[in-house]
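Note that these values count all heavy atoms, side chains included, but never hydrogens, waters or copies made by symmetry.
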Amino acid sequence: MFTIEHEFDATVITLVDEGPAPINEDVVINAFEECVTIEQLDPRTDEVQKVTLSPGQLRDLTAALNLPEGIYRLRSEDN
């Protein structure tokens, strides 16, 4: 299950792990104009872990999800 919320400066997507145990903590994705952050509570430390992706890193991740194993470099349409 997931939710999508549009806030003033970001779109917030929350991914909820459903199914048989063990269930992982929710993942919260904040999409800002200049970056995307991914947050998840670490139950061992009770602290939120955060990863920040640039727009280029997010583009590469999106492409990588649909490619086989290998090394790639995306080219802009201008090249």
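- Hydrophobic side-chain contacts under 4.5 Å tie L41 into a cluster, directly or through other members, with V48.
- The hydrophobic clustering, which links ILVMFWY residues whose side-chain heavy atoms are closer than 4.5 Å, places V28 and I4 apart.
- Minimum interatomic distance between F32 and T37 (heavy atoms only, all atoms of both residues): CE1-OG1, 4.1 Å.
- To the nearest 0.5 Å, atom CD of residue E5 and atom OG1 of residue T11 are 10.0 Å apart.
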Mind listing the side-chain donor-acceptor pairs of residues 61-72 below 3.5 Å, one per line with the distance, residues two or more places apart or on another chain?
| residue | atom | partner | partner atom | Å |
| --- | --- | --- | --- | --- |
| T62 | OG1 | L58 | O | 2.9 |
| Y72 | OH | P68 | O | 2.9 |

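- D42 is not listed as a side-chain neighbour of Q40, based on a closest heavy-atom distance of 4.5 Å or more.
- Looking at N30 and E39, their side chains come closer than 4.5 Å, going by heavy atoms from C-beta outward.
- Taking all atoms of both residues into account, the shortest heavy-atom contact from D26 to D17 is OD1-N, 4.4 Å.
- Put simply, CZ on R44 and CD on Q49 are 8.0 Å apart, with the number rounded to the nearest 0.5 Å.
- Residues V36 and A31 come closest through the heavy atom pair CG2-CA, 4.1 Å.
- At most 12 non-hydrogen atoms from other residues, nucleotides or ligands lie less than 6.0 angstrom from CD of E33.
- Hydrophobic cluster membership differs between V12 and F2, with clusters built from Ile, Leu, Val, Met, Phe, Trp and Tyr side chains linked at under 4.5 angstrom.
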